> 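Structure below; questions to follow.
We name chains A, B, ... by the order of the sequence lines, and we start the count at 1 in each one. Values in this document were obtained by computation on a predicted structure and should not be read as measured data.
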Amino acid sequence: MIQLRNVSAGYGGAPVVRNVNLDFPAGQVTVLLGPNGSGKSTLVKAALGLLPAMEGEVLYDGRNIRELKPREIARNAAWLTQSRDTPSIQALKMVLHGRFPYSGYPRRYAREDYAIARAAMEATGSLPYENENVRTLSGGQRQSVYLAMTLAQDTPTVFMDEPTTYLDIRRQLEIMNTARKLASQGKAVVLVLHDIALALERADRVAVLREGELSCWDTPEAVFRSGVLQKTFRVGMERTDTPHGVRYYYTEEAE
Amino acid sequence: MKSWRICSTPGGKGIFWVTLVLLTLTACVLSLGLGSVTLGPGEVVQALLSGDTGSTAGRIVHFVRLPRLCAALLCGSALAVSGMVIQTVLHNPLASPGVIGVNSSAGLAVALICAVAPSAQALSPLAAFLGALAGVGLVVGIAQSTGASRMTLVLAGVAVSNLLGACIDAVVTLVPEALTGITDFRIGGFSGVTMEALAPAAGMILPGIAAVLLLSREMDVLSLGEELAQSLGLRVRPVRFVLLMLAALLAGAAVSFAGLVGFVGLIVPHAMRRLVGEESLPLAAGSALGGACFVTVCDLLARTLFAPYELPVGIVLSFAGGPFFLWLLLRRRGGKG
């Protein structure tokens with residue numbers, strides 16, 4: 001399990017997130033919520049060791065991340081990033097990059113790696129275009145290829161930074177279903193989302209960041225009742241029971 | 001990217017590689033046979049196999065055309081692979097050894113060693129490598145300290161390139177005998193090259209290209225972006241440093257015997273990207289072969305177009321490369337690329 005203990009992290013000596021304590025338990029979907037600039041992506045990068053913590057420590061199964069080699073980190077946590085360069089390569093080759101942490105010199109992928117990559121593509125629905133150039137795919141198809149690469153990394157923790165941005169509603173739901181399925185397999189899934197309602201409906205735990213500080217970390221119901229979302233996002237929040245379960249929605253004015 | 005699709009099928013790939021190898025071999029054969037004196041294929045083969053340097057054909061092949069052919073092959077492959085590595089590592093399709101000032105810094109190092117220690121010219125490949133390395137370090141350092149945007153990098157390279165060009169001119173003005181053929185050096189060319197002069201550069205270029213091919217998977221991962229590459233377990237800083245060292249080694253070695261040859265490092269990797277995609281192993285191999293073929297053909301044209309007069313190969317490269325590059329750009333803008 002990945003744990004953050006009093007973590008402060010940022011850029012150029014200026015902390016963006018301060019003194020955060022947070023666990024990402026196995027088998028649960030944790031959603032990070034917060035307005036733009038509240039430090040969600042910074043926190044994820046700190047948890048992945050991409051940004052060294054200025055203070056505090058990031059623990060992987062109790063070991064400080066500073067003691068781990070990049071390859072060890074990559075075998076423990078995968079990252080579906082928000083922004084990226086898309087090279088002009090075959091989709092299957094792209095997904096195979098997820099096996100890089102397991103490859104030794106001369107870096108030739110084994111039959112098993114291909115099988116894992118194809119299984120990951122199957123899981124994300126991207127197998128039909130395994131031979132296509134990634135650049136020729138639509139935004140949603142590309143996202144499913146990147147998600148397959150993340151899954152091919154086969155890690156106990158999976159971070160997804162705004163995985164539903166720019167996707168149509170069908171694909172958003174598919175991403176959320178994939179996240180739930182991964183959690184049911186025992187993985188810790190961490191999502192950065194902007195959709196408060198989707199987060200409350202789909203998460204096991206919700207962490208709310210406000211101006212770089214963790215203002216709440218609890219179950220969706222407890223977070224809803226705490227009123228922290230209303231304060232943080234300056235919106236009204238409502239919930240209603242429907243035949244499909246509890247649904248949350250927000251209103252423009254905070255109550 | 002329609003052109004990529006052609007090479008994405010196994011059959012298309014096979015045809016592409018066979019065609020590229022055949023083109024390169026044909027260019028080699030023509031390069032040995034054609035010139036101010038035309039030699040038949042039989043004469044060329046006989047001269048090569050017998051090692052005869054007594055006959056006119058033997059002397060032409062062994063002392064003139066074979067060294068030039070080797071120089072063209074080495075220079076083309078080294079600059080194209082160097083450009084491919086620089087473009088991949090810096091995530092910048094506008095970067096190349098010529099554009100970001102690597103060639104100029106290598107050239108300045110060669111000019112300095114010729115001016116200060118003319119007897120140590122055998123060390124010029126090493127000096128060129130160190131100069132190229134300094135050039136890479138300077139440009140990357142400037143770009144990173146100002147935010148490392150793609151355009152900043154190119155502009156910093158242009159500024160450094162011009163500055164170093166002025167330094168080369170200053171050296172040659174103060175010590176005129178340092179580079180007797182300064183114009184040839186500035187434009188780039190292979191006239192008067194010998195096997196002895198090529199040997200140390202070849203000793204750097206061939207292992208350099210092999211090392212780039214061995215690091216192709218690392219480049220693939222690096223091309224995803226540095227943070228994503230790191231999250232996949234790549235040690236980004238050391239790998240990037242080693243790759244830039246290799247790019248400097250290749251460009252420096254080429255400049256040490258060919259001068260400031262332009263365009264190859266920019267257009268060959270671009271053309272290969274269109275043909276084989278961006279997977280690093282085929283891209284590096286295609287760049288090496290394509291660069292060798294392109295420069296050999298241009299050198300052949302330089303020697304034969306106005307025979308018995310000869311153009312510096314750099315002029316032909318610019319005449320052939322400029323319009324070709326523009327065509328590539330316009331084709332892309334037109335949505336046909």
> Which of the residues Leu234(B), Leu283(B), Leu214(B) is involved in the greatest number of heavy-atom pairs with chain A at under 4.5 angstrom?
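That would be Leu234(B).
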> Quick one: CG on Leu43(A) to OG on Ser8(A), what's the gap to the nearest 0.5 Å?
10.5 Å
> Please state whether the side chain, the backbone, both or neither of Arg108(A) comes within less than 4.5 Å of a heavy atom of chain B.
both
> Which residues pass the ring-ring contact (aromatic ring centres under 6.0 Å, His included) test with Phe263(B), sequence neighbours left out?
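By the ring-ring contact (aromatic ring centres under 6.0 Å, His included) rule, Phe263(B) matches no residue at all.
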> Out of Met94(A), Glu72(A), Met149(A), Arg99(A), which one racks up the most heavy-atom pairs below 4.5 Å with chain B?
Met149(A)
> Asp220(B) versus Phe100(A): any side-chain heavy-atom pair under 4.5 Å?
no
> Is it true that Arg5(A) and Glu57(A) have a side-chain N and a carboxylate O under 4.0 angstrom from each other?
no
> Which atoms of Ile73(A) come close to chain B, meaning under 4.5 Å heavy atom to heavy atom: side chain ones, backbone ones, both, or neither?
neither
> So what's closer than 4.5 Å to chain B heavy atoms on Tyr105(A): side chain, backbone, both or neither?
side chain
> Could you tell me which portion of Leu215(B) (side chain, backbone, both or neither) has an atom closer than 4.5 angstrom to a non-hydrogen atom of chain A?
side chain
> Any donor-acceptor pair under 3.5 Å linking the side chain of Asn21(A) with the backbone of Asn6(A)?
yes
> Which pairs, with at least one residue in residues 118-153 of chain A and sequence neighbours excluded, count as a ring pair (Phe, Tyr, Trp, His ring centres under 6.0 Å)?
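Pairs touching residues 118-153 of chain A that pass the test: none.
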> Side chain, backbone, both or neither: which part of Ala78(A) has a heavy atom under 4.5 Å from chain B?
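Neither part, no heavy atoms under 4.5 Å.
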